[in-house]
Asker: 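Quick one: structure below, then a few questions.
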2 protein chains.
Amino acid sequence: MDIARSEVFEAGTPIACRSCQARHGVVCGALSNAQLKELNRHSLRRKVEAGSEIIAQGSESSFYSNIMRGVVKLCKMMPDGRQQIVGLQFAPDFVGRPFVRESTLSAEAATDAEICVFPRNLLDRMIAETPELQRSLHDQALNELDAAREWMLTLGRRTAEEKVASLLHLIATHAEPQTAISAAFDLPLSRAEIADFLGLTIETVSRQMTRLRKRGVILIENSRHIVVPDMDELEKISA
Amino acid sequence: MDIARSEVFEAGTPIACRSCQARHGVVCGALSNAQLKELNRHSLRRKVEAGSEIIAQGSESSFYSNIMRGVVKLCKMMPDGRQQIVGLQFAPDFVGRPFVRESTLSAEAATDAEICVFPRNLLDRMIAETPELQRSLHDQALNELDAAREWMLTLGRRTAEEKVASLLHLIATHAEPQTAISAAFDLPLSRAEIADFLGLTIETVSRQMTRLRKRGVILIENSRHIVVPDMDELEKISA
DNA sequence: ATCTGAGTTTGATCTGGATCAAATCGCGAC
DNA sequence: GTCGCGATTTGATCCAGATCAAACTCAGAT
């Protein structure tokens with residue numbers, strides 16, 4: 001994302017964060033009206049298209065964001081190019097690493113997305129002044145930690161088939177009201193990204209998807225759109 | 001650990017947490033004297049021996065702890081018995097999951113250890129009342145999240161050799177002042193536990209250790225005691 | 001001193017997923 | 001429409017790490 005390089009908070013037309021309206025992000029949901037007003041003066045609503053980088057691994061980031069729409073992937077890259085996706089974030093998640101300037105991972109829009117961008121210094125001050133905000137962010141951090149550890153189990157101990165089923169289950173759960181028996185959703189990730197999330201190759205991902213399709217566990221309407229007739233079946237396979 | 005079942009805070013001789021003395025845990029380091037005094041009335045210093053469970057996966061835990069000495073492993077177990085260690089904790093770490101009663105993982109002493117045990121209700125209240133404590137715990141959660149994501153890269157994308165080197169590097173870094181070029185330390189984990197941390201089998205762990213020994217990267221004084229003549233060498237291998 | 005058994009190492013073989021290679025599918029540009 | 005090209009699927013083969021099997025080690029127990 002170009003915001004990272006250019007001086008964001010000088011250029012562009014700041015749009016009030018109160019435009020979040022129906023759905024507040026993690027940050028603005030925890031602030032008083034006075035704080036919101038101040039934040040609004042310095043925050044920016046931003047559309048980012050799929051594939052653009054929001055935070056670069058190894059860089060010092062001068063801002064945080066809230067995801068208002070879309071999916072963001074968190075990636076770690078090794079010097080030789082091997083890559084691992086270490087998390088997916090959805091609205092209204094907070095993006096950034098409080099208390100530490102340099103990021104050990106990159107954040108990239110997996111789909112077209114909209115984010116609210118906040119200057120780091122201002123938000124750091126608000127976190128220090130606002131226990132409720134700290135609590136919200138603490139809460140999100142703990143939820144991400146639970147999710148990361150669950151995924152460690154997937155990476156370390158599940159088979160390729162179970163990994164693919166786990167991913168489909170994860171996406172379906174975030175896309176659907178999760179009450180329904182069946183689900184239909186768009187994958188926010190390409191096969192290559194799925195492979196990088198599951199610690200597999202694209203070929204193995206493709207073969208496992210085909211296997212699930214042939215068994216009737218999923219329908220592949222096209223490579224990005226999936227229908228799951230029976231979520232219990234999928235959950236059983238993901239073990 | 002029997003504490004989980006019996007009513008801890010009635011039996012036993014409570015020992016003042018101020019006995020932490022030189023080294024405070026994450027919790028007591030962030031409290032005022034008045035709060036410490038109240039906490040002392042309800043906390044308990046406890047010795048736990050290697051292998052005993054501090055928190056059981058799927059159970060409701062009514063207490064938190066601080067590790068004062070020793071190493072604690074966090075495990076996730078699948079219904080069919082497959083297991084993954086998802087983190088190691090060292091003094092003065094906090095153990096427990098604030099805000100959620102039921103644990104999705106188990107915490108078990110990997111070595112003989114000493115912990116300070118706090119009643120959940122009391123500490124929850126103190127967290128709510130004490131921004132500095134919330135900040136400490138938030139900080140630890142974020143550090144654990146960084147570590148978990150780093151380990152996801154290890155699980156998903158590193159080879160068996162790189163995994164073993166990564167583990168040795170991790171342990172060495174926590175055991176030694178990390179300034180020295182060489183390191184000597186006791187492994188807090190058995191081969192089986194190392195396998196469960198790295199997503200490998202014990203045979204593969206053993207073979208990779210032997211390979212590293214034959215290459216002169218490590219000396220195995222006995223299966224638990226390791227010497228690393230050149231930490232840079234080890235770090236290079238862990239990639 | 002010898003026995004015992006858990007933990008570890010070593011060896012032989014197998015296999016799930018990687019790698020290498022070639023279609024096939026879509027979709028935007030012309 | 002059809003050309004070009006990246007994304008995906010499918011096929012053939014390979015190999016890192018799993019599995020199966022057997023020693024070996026060593027700290028107690030007798």
Side-chain angles (χ1 to χ4, degrees), chain A residues 49-51 73 78 80-84 110-112 154-168 186-215 218-226 237 239, chain B residues 49-51 73 78 80-85 110-112 154-168 186-215 218-226 237-239:
Chain A
E49 63 181 23
K73 59 176 180 161
M78 292 171 67
D80 64 7
R82 281 177 286 175
Q83 197 170 11
Q84 176 70 42
T111 64
D112 290 344
T154 299
L155 290 173
R157 289 304 184 198
R158 289 201 232 259
T159 63
E161 174 177 81
E162 290 167 344
K163 284 178 174 183
V164 170
S166 297
L167 176 88
L168 294 174
D186 285 309
L187 286 174
L189 303 177
S190 68
R191 296 290 184 270
E193 290 170 315
I194 292 172
D196 281 340
F197 197 18
L198 295 172
L200 298 172
T201 58
I202 53 178
E203 293 94 331
T204 298
V205 170
S206 178
R207 279 186 245 273
Q208 294 300 336
M209 297 272 286
T210 304
R211 258 165 57 88
L212 290 176
R213 176 172 58 71
K214 286 184 177 163
R215 281 211 273 155
I218 59 174
L219 310 188
I220 304 180
E221 307 228 308
N222 65 55
S223 72
R224 288 284 189 143
H225 193 77
I226 306 292
I237 294 168
Chain B
E49 64 181 21
K73 59 176 180 161
M78 292 171 66
D80 64 7
R82 280 178 286 175
Q83 199 170 10
Q84 176 70 43
I85 295 182
T111 64
D112 290 345
T154 299
L155 290 172
R157 289 302 184 200
R158 290 203 232 259
T159 64
E161 175 178 81
E162 291 167 343
K163 285 178 174 184
V164 170
S166 297
L167 177 89
L168 294 174
D186 284 309
L187 285 174
L189 302 177
S190 69
R191 295 291 183 269
E193 290 170 315
I194 292 173
D196 280 340
F197 197 17
L198 295 173
L200 298 172
T201 59
I202 53 178
E203 294 94 331
T204 297
V205 170
S206 179
R207 279 185 245 273
Q208 294 299 336
M209 298 272 286
T210 303
R211 259 166 55 90
L212 290 176
R213 176 173 56 70
K214 285 184 177 163
R215 280 211 271 156
I218 60 174
L219 310 187
I220 305 181
E221 306 230 305
N222 67 54
S223 72
R224 289 283 190 144
H225 193 79
I226 305 294
I237 293 168
S238 62

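Below, read A as the first sequence line, B as the second, and so on, with proteins coming before strands; counting in each chain starts at 1.
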Asker: For the pair made of NE2 in B:His225 and C1' in C:dG7, what is the distance, rounded to whole Å?
Answerer: 19 Å
Asker: When rounded to the nearest 0.5 angstrom, what is the spacing between CD in B:Glu162 and CE in A:Met78?
Answerer: 5.0 Å
Asker: Hey, is the side chain of B:Ser206 poking within less than 4.0 Å of OP1 or OP2 on C:dT10, counting only N and O atoms?
Answerer: no
Asker: Using a 4.0 Å heavy-atom cut-off, does B:Ser190 contact any base of the nucleic acid, only the sugar-phosphate backbone, or nothing at all?
Answerer: sugar-phosphate
Asker: Atom CZ of B:Arg224 and atom P of C:dT8: how far apart are they, to the nearest Å?
Answerer: 6 Å
Asker: At what distance, to the nearest 0.5 angstrom, does CD1 of B:Ile220 lie from CD1 of B:Ile226?
Answerer: 5.0 Å
Asker: Please state how far atom CD in A:Glu193 lies from atom C1' in D:dA7, giving the value in whole angstrom units.
Answerer: 12 Å
Asker: Are more than 12 heavy atoms, taken from residues, nucleotides or ligands other than B:Glu221, located less than 6.0 Å from that residue's CD atom?
Answerer: yes
Asker: Nearest whole angstrom, please: distance from the C1' of C:dG7 to the CG of B:Leu189.
Answerer: 14 Å
Asker: Tell me, do A:Leu168 and A:Leu212 make a side-chain contact under 4.5 Å, heavy atoms counted?
Answerer: yes
Asker: Nucleotide by nucleotide, 5' to 3', does protein get under 4.0 Å of the base (B), only the sugar-phosphate (S), or neither (-) in nucleotides 15-26 of chain C, counting heavy atoms?
Answerer: --SSBB------
Asker: Rounding to a whole Å, what distance do you find between B:Ile220:CD1 and D:dT25:C1'?
Answerer: 14 Å
Asker: If I take atom CZ in residue B:Arg82 and atom P in nucleotide D:dT19, what distance separates them, rounded to the nearest angstrom?
Answerer: 10 Å
Asker: How about B:Ile237 and B:Arg215: do any of their side-chain heavy atoms sit closer than 4.5 Å?
Answerer: yes
Asker: Between D:dA7 atom P and A:Arg191 atom CZ, what is the distance in whole Å?
Answerer: 13 Å
Asker: I need the CG-P distance between B:Asp196 and C:dT8, as an integer number of Å.
Answerer: 12 Å
Asker: Determine the sole option in A:Val205, A:Thr210, A:Thr204 for which the side-chain contact (heavy atoms from CB on, under 4.5 Å) test with A:Gln208 is passed.
Answerer: A:Thr204
